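Here's the structure, in C-alpha cells; my notes come after.
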Amino acid sequence: MLVGAFACAHTPQLLARPGTEDRDLVLRVHAAFARVKRRLEALRADAIAIVAGDHVEAFFLDSVPALAVYVGAECAGTFGHYRYRFPIHEPLARAIVEQGVERGFDLCYTQSAPLDYAFYVPLHFTMPEPALPIVPLHVNVYLPPQPTPRRCFEWGAALGAIVRARSERVVLMCSGGMSHFPGTDRYASPEFEYDRRLLDTLREGRGRELAAVTGEELDKMGNIELRTWAVVLGAVGDAKADVYCYEPSWHHGNAVVEWAL
Amino acid sequence: MLVGAFACAHTPQLLARPGTEDRDLVLRVHAAFARVKRRLEALRADAIAIVAGDHVEAFFLDSVPALAVYVGAECAGTFGHYRYRFPIHEPLARAIVEQGVERGFDLCYTQSAPLDYAFYVPLHFTMPEPALPIVPLHVNVYLPPQPTPRRCFEWGAALGAIVRARSERVVLMCSGGMSHFPGTDRYASPEFEYDRRLLDTLREGRGRELAAVTGEELDKMGNIELRTWAVVLGAVGDAKADVYCYEPSWHHGNAVVEWAL
Amino acid sequence: MSAAEPLHYRFPPASAYRLNRCLFALKSDDDFRARFLQDARAAMRELGLGDDDAAAVLRGDRDTLLARGAHPYLVFMADLRLRMAREPVTFEYF
Amino acid sequence: MSAAEPLHYRFPPASAYRLNRCLFALKSDDDFRARFLQDARAAMRELGLGDDDAAAVLRGDRDTLLARGAHPYLVFMADLRLRMAREPVTFEYF
Ligand SMILES: [Fe+3]
Ligand SMILES: [Fe+3]
C-alpha cells in the first residue's frame, strides 16, 4: 500500500546549523519537517522508502549505478557527532529489487554501503516515534551520465505499482533540491524562480511535466537532484502537491512537500 | 560500425589445462579460438566490445549492477602466472554509457574494477596482433536477481544501434556458457541437449527466441550466462550463427560461434 | 511479476553478507587467504564473522554453508583456492 | 541521441580517476585526511597520484583541478573537510 508521499530538502546546514545560516529560515524548515513527522505517525506507516541522490559517499567511480536499491540488514552513516543506524525493511527492499528487475529496470543492489547525508538529514527530522525501518533507493544525480528525468519517472511508476501491491503501509519520500550549485561559481545564486514555477506545476497536479525536462536543463538550473522527485512523481501520478514550505537560503531552495494521495 | 559478432566459451580450464581435462577436446576449442583470432584480423577491427558475466570478481555484494560499462583508461586481471592488462577504447566506452543511459538503460559504470576471467580467457586466445583496445560490458549472471533475457536482448538492440552509428570498426563478443553448474551438485552433468537445441535455433537465425526464455529456465539448464549471448543476439537480430565448435566436457558445454553479419 | 525462486543460484540474503564476504575474500584476496591459512579464526574475526558462520567455514561443508545463505559459486571457489594454496597444483599439462 | 555537455557537473574522465580518488578520500576517509594533513605528498603517493595532479591538489585552485578533470562537488567537499580539520568550526549555533 502506498499511504503517503513527501519531498524533503536535505541541505546539510539544516542539521549543522553553522553561523552562516539564517536562523529563522532554518527553523521554519524544521517546523515543516516536524509536520511531516506528525503526518508519518498519523499515516501509521510500516516503512519509509526514501529516494535520494548519493553525494559520492556510498558510490565512487568504481561503481556508479544509475538506480540502486539497498537490501542489507541495516545501514549507517556519520555526520559530525551524529551516528545514524537504520534497520532496513528487508522484505520490501527485496520485493522492490526483484520485481523492479523483472519489470525491466536495470537496478543495482547493495548489501553494504555507507549511507549518504541525503538519506539521514531528512530522516533525522522526520523519523516518527517509534522509528520505522527504511528502504534506501539511490538515483545517480552527481556523476554524469545520470538517468534521464523520463526514466526516473518511469522507475517511479513501476515502484508505485510494486508498493501498491504490498500489504505493508509504505511512505515514499524523495530527498533533495531544490536549486543549488555546490562546487561551482553559482553556489551563492540558485535559480529560485525555476523552483517556484515548478512548485506551481506540482500544486496543480501536473508533476508528469517534470518527466519531459532534459538532464541539461536540470543541470543548468541547479536541479540535478529533482531526479529523485521525478521518481516519486512517477509513483503518485497526477496527485496535487501541498507545499509545506519553500525557503530560499543564500545557497539552496529548501522545499518540503506532501502529495495528497 | 558493427563488423563482427562472436560468442566464446571462457571455461578457465581451457587456459589452466589441468590434468582433469580431455587434452584433445581442449585443443579443439583452442583451434576454434584461433579461427576467431584470424577473423578479427581479417575484419580489421578497431575495438572489441566484450559482454561477459562477472564471477563475483569485479563486483561483490557492495554493488551488484544488472548492466555495467567499464570506462576506465585500462583494465587488468590476474590468473595464475598470467598478468593481463588491456587498454580501453575510451571514446567508444563513453559513447556506449552515455547513449545507453539516454536510451533508458540504467547502466552502472566503473572506472576501476578487477577484470574477471570471463573477459580475459577469451581474449587470451582471440586477441589479434597487433592487440586492440576493448570495452568490457558487464551483465549480472551469478547474483540474483539478474536481468531478464528479454531485457538483455533489448540492451543488445540498443548497443547494436549505438555501435552501428560509430565510425570505428567494432566487434561484439559475448563470453560464457554454455551449460555448466559450478558450485552445485550438478557440476558434472551439464544440459548438453539444451545447448545443442539452442545452437540449432541460432544456426537458423532465430536468436530472438532466446529473449522469450525465463531466467528460471536458464538457471535450471545451467545457462545463466546465456544472458551475455542474449545481448549480442539483440545486436545481430536475425543473423545466422556459424558454430565453430561445440565441445561438451565433463563440466561445460564449450561453444565458439560467429554470426554472419 | 515476481520470479519463481531459482533452483541453483539464489539471492544471497542480507544475513549472509559477512559469510559471503569471507568466501569472496578467500576466493579473490591473496593476502586474506594467506592470513586465513596462518590463523583462520583471527582472519574471520577481521571480517566480523559470527561463531556459527566461522564454524561453518572451518568445517567447509557445502550444504551447511548454503543453508546459511552462502552463494554456491563462492563456496566452490573459496574451497578451490584454499586447496590450491595448500597443495599447489601443476597447470598447463599440455 | 547523445546529450549535450552539461554546464556544471560533467563526466569525470578516466584520466582523472586517481585525482578524483584523492579528493573523495579527503572528503570521506578520516584516516586518509589525517595522513594527508601529516604528510600530504606521502598520502598522495599512496594513491599513485602523478606529480601534476599532486601539485594541483596542494595548490587547491579550483579551476586548475576542474581543468584536470576533478569533479566540482569533490573539489568543494575535500576543501571544506580539510578546512574543518585545520580549524574546527562550532556547529549548532541555534
Ligand atoms: Fe544535495
Ligand atoms: Fe562462467
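Just the heavy atoms: all of them, side chains too, but no hydrogens, waters or symmetry mates, feed the values below. These figures come from a predicted structure and were not determined experimentally. Residue numbers begin at 1 in each chain, while the letters A, B, ... track the order of the sequences.
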Checklist entry - Pick from M221(A), K220(A), E216(A): which one makes a side-chain contact (heavy atoms from CB on, under 4.5 Å) with L7(D)? => result K220(A)
Next on the checklist: Has H71(D) got a side-chain atom pairing as donor or acceptor with V56(A)'s backbone, closer than 3.5 angstrom?
Outcome noted: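 Side chain of H71(D) to backbone of V56(A), a donor-acceptor pair under 3.5 Å: no, none is there.
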Checklist entry - Should we say atom CG of D51(D) is surrounded by more than 12 heavy atoms from elsewhere, each under 6.0 Å from it? => result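 No, not enclosed.
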Next on the checklist: Check this for me: R33(D), atom CZ, are more than 12 non-hydrogen atoms of other residues, nucleotides or ligands nearer than 6.0 Å?
Outcome noted: yes
List the atom of [X], the atom of [Y], and the distance in Å for their closest heavy-atom pair.
X: H55(A); Y: K27(D); value: O-NZ, 3.3 Å
X: P182(A); Y: F76(D); value: CB-CE2, 3.8 Å
X: P144(A); Y: F11(D); value: O-CD1, 3.2 Å

Item to check | Contact class of R21(D) relative to chain A, heavy atoms under 4.5 angstrom | outcome: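 For R21(D), heavy atoms of backbone and side chain both lie under 4.5 Å from chain A.
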Item to check | Contact origin within L74(D) toward chain A - heavy atom pairs under 4.5 Å | outcome: side chain
Next on the checklist: Is H81(A) in contact with chain D via its backbone, its side chain, both, or neither, using a 4.5 Å heavy-atom distance?
Outcome noted: side chain
Checklist entry - By number, which residues in residues 223-230 of chain A have some heavy atom less than 4.5 Å away from chain D? => result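 Expected list: I224(A).
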Item to check | Contact leader toward chain D among L15(A), V64(A), D185(A), where contacts are heavy-atom pairs under 4.5 Å | outcome: D185(A)
Next on the checklist: What's the separation between atom CG in D219(A) and atom CZ in R10(D), rounded to the nearest 0.5 Å?
Outcome noted: 8.5 Å
Item to check | Check against ring pair (Phe, Tyr, Trp, His ring centres under 6.0 Å), F60(A) and Y17(D) | outcome: CA-CA 10 Å; F60(A) 179 61; Y17(D) 174 80; 5.7 Å; yes
Checklist entry - Which word best sums up how the rings of Y9(D) and Y142(A) line up, parallel for under 30°, tilted for 30 to 60°, or perpendicular for over 60°? => result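 It falls in the perpendicular class, over 60°.
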